[in-house]
Amino acid sequence: MERIIAEYLLETPYPLADVAAMMAGEQSSGTFVRVAGETEELRARAAAEVLSIEELDHADAPTLHSAYIARKQPAGPFRRARIRIAFPTGNIGRNLPTLAATVSGNLFDIGEITGLKLLSLEIPAAYRTRFELPAQGIAGTRESLGVTDTPIFGTIIKPNVGMRPDEIAALVDQLCAAGVDFIKDDEVCANPDIAPLAERVPAVMAVIRKWQERTGRKVMMAFNITDETDAMRRHADLVAREGGSCVMASLNWCGLSGMESLRTHTPLAIHAHRNGFGAMSRHPLLGMGFQAYHALFRLTGIDHMHVHGIGGKFVDTAEEVTDAARACLAPLSKDGPDDRVMPAFSSGQWAGTLPQTLAAAQSSDLMFMCGGGILAHPQGPDAGIASLREAYEVLRSGGTLAEGAADRPALAAALDFFGSP
């Protein structure tokens with residue numbers, strides 16, 4: 001039987017085996033009592049199975065409030081454990097929202113549970129093939145850009161919002177002249193009144209086409225088309241008509257269904273932005289870890305995935321960023337199709353954070369996006385881009401940034417201006 005395996009971190013004052021069995025039953029064939037129609041034959045083909053329980057530590061008080069616990073007043077301690085539950089794919093079919101509802105859903109509301117985090121999902125190879133693959137992925141993104149053996153060096157339109165289409169186009173012109181590979185909209189700039197996509201996309205793409213004719217290089221611009229599903233399809237069509245190669249969407253607010261619909265509608269690269277993920281991930285005993293989160297959204301067929309940045313402005317530890325990047329660069333399923341996606345590093349990145357980034361990814365198959373690291377370089381955006389390329393050149397040859405700065409002025413200026421990474 002083909003099954004999806006979910007791993008959880010659980011806290012409960014009740015026997016771990018009983019609560020794990022309750023979780024398996026609640027999210028498959030059962031409920032809190034045996035009901036008519038729940039035959040042994042049905043249970044054999046539809047019931048989820050608890051595969052393992054690894055007890056960890058315990059707490060004297062509950063991590064999360066539960067009205068059920070408050071009523072029942074069970075004696076502590078509140079035990080914590082890693083548990084693995086296998087769910088038959090036949091219960092779910094090719095249905096991403098139902099997959100998400102199965103492996104999470106009401107589990108977070110079970111009264112006996114005072115802490116629960118979905119850590120990871122194991123997706124069978126055959127089940128993976130039922131869903132969309134990346135339309136571009138790593139190879140397609142590189143081919144579109146003509147960048148074969150370096151990271152994709154990119155930046156973000158700043159200010160985040162407020163600029164008019166002609167002002168954005170002028171900034172893109174400056175960035176194309178500087179030699180950037182990739183530009184993206186900010187997650188909060190989608191279709192604002194002051195710079196609607198209907199005006200912004202043609203203005204920006206005219207600049208990108210101009211530079212392509214002049215240099216032979218086509219910069220990839222990820223237009224933020226986050227919207228309701230039908231509008232996203234229309235926005236993607238506009239980008240395609242103008243010769244664009246990439247669109248961006250905010251995963252959590254478009255949802256699994258919206259992202260699936262977008263993927264089936266357009267062959268453009270989809271740059272997946274995870275803004276809001278911290279609401280799911282930051283609490284150690286509530287929500288969802290990146291391994292599970294990215295598995296669900298990779299089944300929609302995205303091409304790039306944000307992983308934040310090492311030493312950046314967000315809460316992620318270096319280990320968390322590393323794990324996220326390596327997850328993106330691995331196939332989702334063992335023995336499954338090549339569905340790797342390009343990790344997108346951002347948040348406070350500049351030439352000085354490139355060494356840790358390359359070590360984390362163990363690959364140059366990544367997007368390295370610098371806002372201030374390019375636009376705030378003391379010698380201008382041209383030097384900002386140059387500092388990144390100089391840093392990579394030094395690192396690839398086995399040197400250190402400090403050594404390389406001796407005869408690389410843009411890198412030297414970045415190190416002097418931004419300080420130690």
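Along the sequence shown, the residues carry numbers beginning at 1.
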For the pair H265 and D237, evaluate side-chain hydrogen bond (donor to acceptor under 3.5 Å, both in side chains) and give the outcome as yes or no after the intermediate values. CA-CA 9 Å; H265 182 77; D237 289 344; 2.9 Å; yes

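- Side-chain contact annotation: R80 with T63, donor-acceptor N/O pair under 3.5 Å present.
- Residue-environment remark: NZ (K210) exceeds the threshold of 12 foreign heavy atoms within 6.0 Å.
- For the 3.5 Å distance criterion, the side chains of H235 and D227 qualify, holding a donor opposite an acceptor.
- Side-chain atoms of E2 and Y127 form no donor-acceptor pair, as typed in the model, at a separation below 3.5 Å.
- Between F345 and H306, a ring centre-to-centre spacing not shorter than 6.0 Å is recorded.
- The two residues G352 and L401 have their closest heavy-atom pair at CA-CD1, 3.8 Å.
- A donor-acceptor pair under 3.5 Å links the side-chain atoms of R209 to the main chain of E242, judged by distance alone.
- Not one N or O on the side chain of D339 forms a donor-acceptor pair closer than 3.5 Å with the backbone of L133.
- A distance-only check finds a donor-acceptor pair linking the side chain of T215 to the backbone of R217 [under 3.5 Å].
- Under the 6.0 Å cut-off for aromatic ring centres, F277 and Y293 qualify, their centroids lying closer than that.
- Side-chain N/O atoms of E11 and T114 include a donor and acceptor closer than 3.5 Å.
- Side-chain contact annotation: T141 with H304, donor-acceptor N/O pair under 3.5 Å present.
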